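The structure appears below as structure tokens.
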Amino acid sequence: MSQAPVLDIRGLSVDYGTGPGAVHAVSGVDLVLHRGEILGLAGESGSGKSTLAHAITRLLRPPALVTDGAVLFAPGAAGTGAGRDRLDIIGLDAPTLRTFRWEHISIVFQGAMNVLNPVLSIGAQLMDTLRAHEPGISRTAARARAAELLAMVRVDPSRLRSYPHELSGGMRQRVMLAIAMALNSDIVVMDEPTTALDVVVQREVLDEVVALRDELGF
């Protein structure tokens, strides 16, 4: 590709624990992702796929820690100088990371039923994401945007009033995708997005991802 990468991962290593007993879960990973590209990572259970996804998005929990490497993000839009002024996500301080995450890079977690809050409606969870990053947005505008996001992933906007347990597995996964796209992220990291779905729904969700990528350019 002639475009500079939007994400350039160099020598990324993650350990669980420290010292002689540390488990080397991710060792020296190099990956390059270009804007508009879909890059898939395959590996057996326990090979470090989720650890890598969480490291890229700085969502690792102790005792996991990044021991080496860089995750470089190029903010330039397609064809407008992507590759300049690159940011190392690993080195961002907490306030900058809070702003950066979801606005530039978002994640669809594995197992939507375990990630969505069971006591909050779908609408509340979408609106919370919007209002956390756009404090000035009105409740009416946030709800309208939430409805627009659901429609984008082919979920009836009337489902804003529904709770996660009232949705099918495929619909919950689409809601997670809607949340990930709420702020028009440049990069969407998906951690086994079709886990626990039947093969027909898996195909529908993946087709939807491709269609949205083509439409929105993430």
Side-chain angles (χ1 to χ4, degrees), residues 6-7 35-36 53-54 56-59 61 73 75-78 80 87 89 92-195 197 201 204-218:
V6 67
L7 191 71
R35 190 170 297 276
H54 290 180
I56 292 169
T57 51
R58 290 278 304 276
L59 289 169
R61 295 182 178 180
F73 169 76
T80 61
L87 301 173
I89 299 173
L92 296 179
D93 58 39
T96 305
L97 179 63
R98 178 174 173 80
T99 301
F100 178 87
R101 192 190 292 133
W102 241 255
E103 289 187 10
H104 294 291
I105 188 168
S106 58
I107 184 167
V108 177
F109 294 100
Q110 184 180 155
M113 192 59 195
N114 299 323
V115 177
L116 293 170
N117 191 323
V119 300
L120 292 179
S121 69
I122 298 304
Q125 296 184 60
L126 274 163
M127 291 167 66
D128 281 351
T129 301
L130 294 166
R131 298 174 80 175
H133 289 268
E134 301 177 18
I137 192 171
S138 68
R139 181 175 179 81
T140 300
R143 189 170 186 83
R145 174 60 176 159
E148 179 185 341
L149 287 165
L150 284 192
M152 193 180 296
V153 296
R154 299 184 185 179
V155 174
D156 194 311
S158 66
R159 287 294 191 172
L160 286 172
R161 298 186 294 272
S162 299
Y163 289 83
H165 72 273
E166 298 177 302
L167 305 182
S168 67
M171 291 174 72
R172 288 194 294 267
Q173 203 62 49
R174 288 169 184 267
V175 169
M176 288 297 301
L177 185 57
I179 293 174
M181 298 188 308
L183 299 173
N184 297 315
S185 296
D186 298 275
I187 301 165
V188 179
V189 178
M190 307 186 75
D191 184 10
E192 300 192 29
T194 58
T195 296
L197 303 179
V201 178
E204 290 176 352
V205 170
L206 292 178
D207 285 348
E208 194 66 35
V209 170
V210 173
L212 290 167
R213 184 278 311 265
D214 293 343
E215 179 182 350
L216 303 175
F218 59 78

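It should be emphasised that the depicted structure is a prediction, and the values quoted were computed from it without experimental measurement.
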Measure from the side-chain N and O atoms of Ser121 to the backbone N and O of Arg161, and report whether any donor-acceptor pair falls under 3.5 Å.
-> no
Hey, does Ile179 have a side-chain heavy atom less than 4.5 Å from the side chain of Leu126?
-> yes
Leu183 side chain reached by Leu130 side chain, heavy atoms, under 4.5 Å = yes
Side-chain heavy atoms of Asp156 within contact of Leu150, under 4.5 Å = no
Could you check if a side-chain atom of Val153 sits within less than 4.5 angstrom of a side-chain atom of Leu149, using non-hydrogen atoms only?
-> no
Once the angle between the rings of Phe73 and His104 is folded into 0 to 90°, is it parallel (under 30°), tilted (30 to 60°) or perpendicular (over 60°)?
-> tilted
Keeping the roles fixed (side chain from Ser162, backbone from Ser158), state whether a donor-acceptor pair exists under 3.5 Å.
-> no
Rounded to the nearest 0.5 Å, the CZ atom of Arg58 sits from the CZ atom of Arg101 at a distance of 7.5 Å
Within the side chain of Ser185, is there an N or O that forms a donor-acceptor pair under 3.5 Å with the backbone of Trp102?
-> yes
Where is the tightest heavy-atom contact between Arg172 and Leu167, given as atom of each residue plus distance?
-> NH1-O, 2.6 Å
Leu160 side chain reached by Met127 side chain, heavy atoms, under 4.5 Å | no
Just wondering, do Leu120 and Gln125 contact through their side chains at under 4.5 Å, heavy atoms?
-> yes
So do the side chains of His54 and Asp191 get within less than 4.5 Å of each other, counting heavy atoms only?
-> yes
CZ/Arg174 to CD/Glu208 distance, rounded to the nearest 0.5 angstrom?
-> 5.0 Å
Can you tell which of Met176, Glu166, Arg159 makes a side-chain contact (heavy atoms from CB on, under 4.5 Å) with Met171?
-> Arg159
Rounded to the nearest 0.5 Å, how far does CD1 of Ile56 lie from CD1 of Ile107?
-> 8.5 Å
Does a side-chain heavy-atom distance below 4.5 Å link Leu216 with Met152?
-> yes
